[in-house]
Amino acid sequence: MNKPIIGIAATQLDEYVEELYNSQVHYAQGELVEAIRAAGGIPLILPIGIPIEAVEYVSHIDKLILAGGHDVDPMTYDEEPHPLAGSLVPKRDFFEIELVHEMRRQKKPIMSICRGTQLLNIALGGTVWQDLSLRPEETTVKHNQAPTRSDVVTHSVFVEEDSELAKIIGENILVNSFHHQAIHKVGHGLRAVAWSHDEVIEALEGENILAVQWHPELAFKTNENDFEIFKHFIKDM
Ligand code: MN
């Protein structure tokens, strides 16, 4: 059987770093490339494009992974930037939103990680909290574990019994965590299926969609659950 081609939507260096290099750099994380390969897929990095190109890119891949990175531009969900919001790469956001729509049109599976999950939720009509502190619930779990190593799992997550995710990794898991924003209103066709102790949504699913708030690509070598997620996405979705 041919290995599936897994598109990875690239990110871009911050502008001040590009000024240092005097060059533009589109890139994907090496760990994500490695995780896809280890799980039996062919990783293919898609540069940040213009939205009209999405149809061509999507026709060349079997599945798409939306990776972590910058905050999503709050304009994409009709909010002003809150003072606690982070830095943005709007052209990545607009391209990835069109990739999501085109993947839905072509009925191909999407997996998303951290910011990728927030972007996917927004593309499907949802919103995010621009900072965890803006939620009505008190944030009592450390959701940005830095400087703890990224392959160390630090907080627990409860997975809904009646979910696809629970079939893959069970109902009580540990995850790494590197986010300061969180899913607020859940997008169309998605449902929340996992939460941290302080009620942050940690995973969403929908038809052909597997979306997590943590970083399985950074811990898949040491944490079996995280490798199972990649294997499920690449082999079974
Ligand atoms: Mn978390």
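Whatever order the structure lists ligands and atoms in, that order sets their numbers, starting from 1.
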> Name whichever N, O or S atom of Glu202 ends up nearest to the Mn ion (ligand 1).
OE2
> State, to the nearest 10 degrees, the angle whose vertex is the Mn ion (ligand 1) and whose arms point to ND1 of His143 and NE2 of His155.
90°
> Tell me if the CD atom of Glu224 is crowded by more than 12 foreign heavy atoms within 6.0 Å.
yes
> When you measure from the Mn ion (ligand 1) to the N, O or S atoms of Ser177, does any of those distances fall below 2.8 Å?
yes
> Ignoring hydrogens and angles, tell me if any N or O in the side chain of Asn121 forms a donor-acceptor pair with the backbone of Lys185 under 3.5 Å.
yes
> Side chains of His180 and Asp71: any donor to acceptor distance under 3.5 Å?
yes
> Identify, with sequence neighbours excluded, every residue that meets side-chain contact (heavy atoms from CB on, under 4.5 Å) alongside Ile45.
Ile8, Ala10, Ala28, Val33
